[in-house]
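Counting convention: from 1, in listed order, for ligands and their atoms alike.
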Amino acid sequence: MSAENLKRALEQHVALDAFLTGDFGLKGDLPMPAAFEQAEPELVDKAGKLEEIAEQIRQCCKCGLNETRKNAVIGEGNPDAELVFVGEAPGADEDEQGRPFVGRSGKLLTKIIAAMGLSRDDVFICNILKCRPPENRDPKPDEIVDCMGYLQQQLDIIRPQVIVALGAHAARTLLSTNQGIGKLRGRFHEYTFSDEEPPVKLMPTYHPSYLLRNYSQDNRRRVWEDMQKVMQELGLELPGK
Ligand code: URA
């Protein structure tokens with residue numbers, strides 16, 4: 001094993017240990033995402049298409065949440081990601097910074113991604129709603145309908161191999177079901193793109209903010225089991241193997 005691979009494996013073990021045993025820091029700023037202007041043509045093309053959608057989102061006033069938001073939270077990460085995480089809606093920190101999952105639950109999500117041997121720059125992270133609902137209330141059905149087209153277009157461009165739906169709102173919306181997250185999580189479902197392309201696998205799991213509120217060994221183990229299935233599907237090496 002090269003020194004670089006050994007370092008990555010060790011970092012992954014430390015991240016997994018921190019996630020499963022519980023003592024991880026949730027303070028401090030997350031690094032800014034990588035810039036993609038210098039990358040291969042396909043990546044630059046996808047980044048350009050995502051930026052066109054980003055501009056539409058910034059101008060959007062379909063549902064009225066633009067009136068109370070500070071910043072639209074478009075999504076960030078690798079435009080060519082094999083893995084996309086979809087959350088519910090921006091919270092106060094995300095609204096402030098215009099970036100997804102940068103508050104406490106975002107820091108926990110970042111730890112989970114690190115435990116998978118990945119970084120935020122390897123994956124793409126976004127939400128069902130692009131604007132913060134006031135007081136972090138649940139998204140309204142009309143808001144989801146108005147916003148969903150943006151997420152569908154983002155997923156059509158990125159074409160990930162696997163989508164992880166974080167929490168009940170994301171899972172129910174992406175799967176068009178009313179089932180609870182406890183029933184949905186733990187096994188793959190299918191997400192169908194808006195064209196004729198074959199569907200991809202979608203793994204629902206608990207939302208990091210639910211995990212923070214219910215921070216038991218059992219819940220962390222369940223999320224880690226879900227992520228191991230995702231890693232297997234992506235051909236990623238499981239720690240300890
Ligand atoms: N919760 C979400 O669902 N999304 C975010 O971006 C942050 C918190």
Heavy-atom donor-acceptor pair, [X] side chain to [Y] backbone, under 3.5 Å:
X	Y	result
Lys62	Asp146	yes
Gln12	Ala115	yes
Asn219	Ser216	no

**Axial cation check for Tyr215 ring with Arg220, 6.0 Å and 45° limits** = yes
**Positive for side-chain hydrogen bond (donor to acceptor under 3.5 Å, both in side chains) with Glu225, one of Arg222, Lys229, Arg221** = Arg221
**Prompt:** Got a sec: does the CG of Asp218 have more than 12 other heavy atoms crowding it under 6.0 Å?
**Reply:** yes
Would you check the N or O atoms of [X], main chain and side chain alike, for any that come under 3.5 Å of an N or O of ligand 1?
X	value
Pro90	no
Glu94	no
Gly87	no

**Prompt:** Can you tell which part of Ser209 has a heavy atom less than 4.0 Å from ligand 1: side chain, backbone, both or neither?
**Reply:** neither
So does [X] pair up with [Y], basic N to acidic O under 4.0 Å?
X	Y	result
Glu94	Lys130	no
Glu4	Lys7	no
Lys70	Asp95	no

What atoms in ligand 1 come closer than 4.0 Å to a heavy atom of [X]?
X	value
Pro100	6 (O)
Glu88	2 (C), 3 (O)
His207	1 (N), 2 (C), 3 (O)
Ser105	8 (C)

Any non-hydrogen atom of [X] lying under 4.0 Å from ligand 1?
X	answer
Gly106	no
Gly103	no
Arg99	no
Asn127	yes

**Prompt:** Which residue and non-hydrogen atom of the protein lie closest to atom 2 (C) of ligand 1, and at what distance in Å?
**Reply:** Ala89 O, 3.1 Å
